[in-house]
A.B. asks: 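The structure is given below, and queries will be raised subsequently.
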Protein chains: 2
Amino acid sequence: MVTAPIMSACETCVVRNRAICSALDTQEINALNQLGRRRAVTAGEPLIWEDDDSLLVANVIEGVLKLTTSTEDGREQIVGVAYPSDFIGRPFGHTTKASVVALTDARVCVFARSDFDRFAKEHPELEHKLLERTLAELDRTRSWMMLLGRKTAAEKIATFLLEMSDRLSDNVGCQVFPGPRPRFTLPFSRQQVADVLGLTIETVSRQFTRLKSEGVIELPSRREVEIIDRAALVGQAG
Amino acid sequence: MVTAPIMSACETCVVRNRAICSALDTQEINALNQLGRRRAVTAGEPLIWEDDDSLLVANVIEGVLKLTTSTEDGREQIVGVAYPSDFIGRPFGHTTKASVVALTDARVCVFARSDFDRFAKEHPELEHKLLERTLAELDRTRSWMMLLGRKTAAEKIATFLLEMSDRLSDNVGCQVFPGPRPRFTLPFSRQQVADVLGLTIETVSRQFTRLKSEGVIELPSRREVEIIDRAALVGQAG
DNA sequence: CGACATCTTTGACGGCGGTCAAGTTTCACA
DNA sequence: TGTGAAACTTGACCGCCGTCAAAGATGTCG
């Protein structure tokens with residue numbers, strides 16, 4: 001569903017100071033605001049299709065989205081996860097190679113790619129923020145390659161749970177109770193965890209069960225995880 | 001003919017028009033030239049160490065380099081490969097998470113990271129080029145995640161050979177004879193191919209011999225590959 | 001030219017994790 | 001609260017690919 005742009009919506013935006021928009025002053029952000037619109041995406045709903053013309057870019061305001069690529073025969077790999085204040089889409093390019101689908105209900109701030117490209121080129125500070133963000137994302141993606149190429153299933157799961165506990169400890173909308181026993185709600189189903197880690201759903205399930213029986217984690221419900229023994233996870237993360 | 005009093009090395013640089021430097025005019029590039037210096041790196045020699053303070057950035061002039069991350073117990077994953085005109089290093093950051101090692105004898109144009117950062121911030125056109133390059137690298141890295149997480153050994157090898165035949169068909173210093181039967185010299189040992197694909201050296205070797213016995217490729221020497229049946233490779237690439 | 005080190009290939013074997021097939025739990029919705 | 005569908009777990013089996021070991025090929029340097 002689509003809502004009409006709200007005057008000065010940016011000024012009260014919860015990610016105003018963390019997203020790339022933080023590079024802009026009030027006047028500039030009002031100009032950018034004219035180009036974009038807010039959009040709600042419900043869990044499971046796609047925002048961008050793989051191999052589409054790259055028509056949209058967006059900032060995540062609230063919620064979690066997945067970036068995926070697939071083979072023709074249906075195998076899927078999650079190649080990125082976007083949290084609030086993250087930028088999604090492919091500026092300065094012609095096609096995207098990844099689909100973007102909401103994992104939770106989400107709100108995003110979308111722009112036509114061509115509008116955004118033009119605006120960005122005129123605002124070097126914005127491009128600089130985007131560059132820093134892209135470089136950081138590349139770092140993160142590369143360390144994930146290490147995991148996919150060289151880690152065992154047990155190491156993958158341990159690494160994943162530690163990353164989740166870090167990533168979700170901010171205001172991501174997935175209830176977190178920080179402290180010695182971090183507890184959080186996964187934005188992923190078991191199948192999606194498998195798609196992140198390059199495993200099957202059965203292997204993910206077995207590893208979760210093993211960690212639970214070893215007393216390393218607790219699983220209060222399907223989506224909830226409580227880390228009982230963080231040191232053990234670190235030890236198993238490879 | 002009289003030589004100009006100050007003739008920067010950049011003006012005759014073979015990657016002058018492909019590297020990020022192409023964003024700069026003659027005056028600007030002379031200024032950048034003052035900050036950098038050329039350096040030869042012999043095959044096997046490291047340029048940047050994993051977890052080092054990010055002190056260097058560089059442009060590749062000639063040769064091929066690998067970016068790797070390792071686990072404590074010595075498993076290695078190649079997370080990127082840099083060809084002529086590619087940019088390496090981590091600007092605007094404090095540490096790098098990847099080592100950079102030359103695969104072939106190489107020549108690079110290195111800068112102190114702090115010098116480069118300062119210069120870049122003053123030259124938006126340069127930052128824009130760097131952004132486009134980083135976005136493209138992120139795309140490539142993500143499609144490699146698909147390979148690492150979801151493809152079989154046979155598919156990995158086929159994909160790898162096709163990518164090599166594309167990448168090396170430019171002036172990379174690895175002799176190439178283009179045409180219906182592309183033939184090239186790999187800049188990788190078998191172990192390094194394994195480190196790119198998340199496999200073992202034995203599996204790589206077995207896949208190579210299989211493709212040879214199927215008549216899909218020819219292996220004139222250890223490092224040389226001739227593609228006999230490109231369509232078969234495409235069919236096996238998943 | 002010969003000897004040694006290194007890289008690569010090949011073989012035998014086993015285990016990790018994938019596949020297939022039930023069960024079981026959870027949840028949405030009546 | 002009952003009911004069905006979807007998500008998850010568990011078990012049995014097996015195949016791909018990793019491990020271990022040894023032989024073969026290639027290159028270097030005396």
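Proteins come first, then strands; the chains are lettered A, B, ... in the order of their sequence lines, and each starts at number 1. Worth knowing before you read on, the calculation uses all heavy atoms, side chains too, and leaves out hydrogens, waters and symmetry mates.
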A.B. asks: Check the distance between C:dT26's P and A:Glu224's CD and give it to me in whole angstrom.
C.D. replies: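 Spelled out: CD on A:Glu224 to P on C:dT26 is 12 Å.
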
A.B. asks: With sequence neighbours excluded, tell me which residues meet side chain to side chain donor-acceptor pair (under 3.5 Å) with B:Ser205.
C.D. replies: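 Checked B:Ser205 against side chain to side chain donor-acceptor pair (under 3.5 Å); zero matches.
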
A.B. asks: Which residue pairs satisfy the salt bridge (charged side-chain N to carboxylate O under 4.0 Å, His left out) criterion with at least one member in residues 71-86 of chain B, sequence neighbours excluded?
C.D. replies: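 Pairs touching residues 71-86 of chain B that pass the test: A:Glu155-B:Arg75, B:Lys66-B:Glu76, B:Asp73-B:Arg75, B:Asp86-B:Arg133.
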
A.B. asks: What do you reckon, is CZ of B:Arg140 surrounded by more than 12 foreign heavy atoms closer than 6.0 Å?
C.D. replies: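 For B:Arg140, atom CZ is crowded (more than 12 foreign heavy atoms under 6.0 Å).
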
A.B. asks: To the nearest Å, give me how far apart CD (A:Glu76) and P (C:dG18) are.
C.D. replies: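 The answer, rounded to whole Å, is 16 Å.
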
A.B. asks: When you measure from the side chain of B:Thr104 to the backbone of B:Val64, do you find a donor-acceptor pair of N or O atoms at a distance under 3.5 Å?
C.D. replies: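 Checking the backbone N and O of B:Val64 against the side chain of B:Thr104, a donor-acceptor pair under 3.5 Å is found.
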
A.B. asks: For A:Ser189, what residues pass the side-chain contact (heavy atoms from CB on, under 4.5 Å) criterion, not counting sequence neighbours?
C.D. replies: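 For A:Ser189, the residues satisfying side-chain contact (heavy atoms from CB on, under 4.5 Å) (neighbours in sequence not counted) are A:Gln191, A:Gln192, A:Arg223.
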
A.B. asks: Is a side-chain donor or acceptor of B:Trp144 paired with a backbone partner of A:Arg142 at a separation under 3.5 angstrom?
C.D. replies: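 It does not hold such a pair.
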
A.B. asks: Could you work out, with salt bridge (charged side-chain N to carboxylate O under 4.0 Å, His left out) as the rule, every residue matching B:Arg16, not counting sequence neighbours?
C.D. replies: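 Per chain and number, B:Arg16 pairs via salt bridge (charged side-chain N to carboxylate O under 4.0 Å, His left out) with no residue.
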
A.B. asks: Could you give the NZ-to-C1' distance, from B:Lys212 to C:dT9, as a whole number of Å?
C.D. replies: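 Between C1' of C:dT9 and NZ of B:Lys212: 11 Å.
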
A.B. asks: Can you check whether B:Val196's main-chain N or O pairs, donor with acceptor, with B:Gln77's side chain at less than 3.5 Å?
C.D. replies: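 Present.
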
A.B. asks: Could you list by number each residue of residues 190-201 of chain B showing a heavy-atom separation from DNA chain D of less than 4.0 Å, or answer none if no residue does?
C.D. replies: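 Here the set is B:Gly198, B:Leu199, B:Thr200.
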
A.B. asks: Show me the pairs that pass ring-ring contact (aromatic ring centres under 6.0 Å, His included) and involve residues 188-234 of chain A, at least two apart or across chains.
C.D. replies: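 Non-adjacent pairs meeting ring-ring contact (aromatic ring centres under 6.0 Å, His included): A:Phe160-A:Phe188.
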
A.B. asks: So where does chain A start and stop touching DNA chain D, 5' to 3', when the test is distance under 4.0 Å to a non-hydrogen atom?
C.D. replies: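 Under 4.0 Å from chain A, the extent on DNA chain D is D:dA7 to D:dA12.
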
A.B. asks: Mind listing the closest non-hydrogen atom pair of B:Ala102 and B:Thr42 along with its distance?
C.D. replies: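 Looking at all heavy atoms of both residues, the closest pair is CB-O, 3.6 Å.
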
A.B. asks: Between A:Pro220 and B:Val204, which has a closest nucleotide on DNA chain C that is more 5'?
C.D. replies: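 Upstream on the strand: B:Val204.
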
A.B. asks: For B:Arg39, which residues count as a salt bridge (charged side-chain N to carboxylate O under 4.0 Å, His left out) partner, sequence neighbours excluded?
C.D. replies: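 Partners of B:Arg39 under the salt bridge (charged side-chain N to carboxylate O under 4.0 Å, His left out) test: B:Glu45.
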
A.B. asks: Which of these nucleotides, C:dT26, C:dT8, C:dG17, is closest to any side-chain atom of A:Arg222?
C.D. replies: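 Among the listed nucleotides, the one closest to the side chain of A:Arg222 is C:dT26.
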
A.B. asks: Provide, to the nearest angstrom, the distance between the NZ atom belonging to A:Lys151 and the P atom belonging to C:dG17.
C.D. replies: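 That distance rounds to 13 Å.
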
A.B. asks: How would you list all residue pairs meeting salt bridge (charged side-chain N to carboxylate O under 4.0 Å, His left out) that involve residues 188-209 of chain B, not counting sequence neighbours?
C.D. replies: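 Sorted pair list: A:Arg150-B:Asp195.
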
A.B. asks: What I want to find out is whether B:Arg38 reaches B:Glu62 closely enough, with some N-O distance under 4.0 Å, to be called a salt bridge.
C.D. replies: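 Looking at B:Arg38 and B:Glu62, the cut-off is not met.
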
A.B. asks: Of the residues in residues 154-162 of chain B, which ones touch DNA chain C at a heavy-atom distance under 4.0 Å?
C.D. replies: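 When residues 154-162 of chain B is checked for heavy atoms under 4.0 Å from DNA chain C, there are no hits whatsoever.
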
A.B. asks: Could you state the atom-to-atom distance from CD of B:Gln207 to P of C:dT9 in whole Å?
C.D. replies: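 Rounded to the whole Å, the gap is 12 Å.
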
A.B. asks: Using a heavy-atom cut-off of 4.0 Å across all strands, would you classify B:Thr152 as base, sugar-phosphate, or nothing?
C.D. replies: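 The residue B:Thr152 makes sugar-phosphate contact but no base contact.
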
A.B. asks: Taking any heavy-atom pair under 4.0 Å as a contact, classify A:Ser189: base, sugar-phosphate, or nothing.
C.D. replies: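 Counting heavy atoms under 4.0 Å across all strands, the contact made by A:Ser189 is with sugar-phosphate only.
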
A.B. asks: Could you list the protein-to-nucleotides 20-23 of chain C atom pairs, N/O on both sides, closer than 3.5 Å?
C.D. replies:
from, atom 1, to, atom 2, distance (Å)
C:dC20, N4, A:Glu202, OE2, 3.0

A.B. asks: Please give the angle, rounded to 10 degrees, between the axes at the start and the end of the helix from C:dC1-D:dG30 to C:dA30-D:dT1, where five pairs define each axis.
C.D. replies: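 Roughly 40°, once rounded to the nearest ten degrees.
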
A.B. asks: Answer with yes or no whether the side chains of A:Thr69 and A:Lys97 bring together a donor and an acceptor at under 3.5 Å.
C.D. replies: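 No.
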
A.B. asks: Given B:Phe111 and B:Phe87, is the ring pair (Phe, Tyr, Trp, His ring centres under 6.0 Å) satisfied, shown in steps?
C.D. replies: CA-CA 11 Å; B:Phe111 304 89; B:Phe87 181 86; 8.1 Å; no

A.B. asks: Treating A:Lys212 as the side-chain partner and A:Leu219 as the backbone partner, does any N or O pair qualify as donor plus acceptor under 3.5 Å?
C.D. replies: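 No; judged by distance alone, with no hydrogens or angles, the pair does not exist.
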
A.B. asks: To the nearest Å, how far apart are A:Arg223 CZ and C:dA28 P?
C.D. replies: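 It is 11 Å, rounded to the nearest whole Å.
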
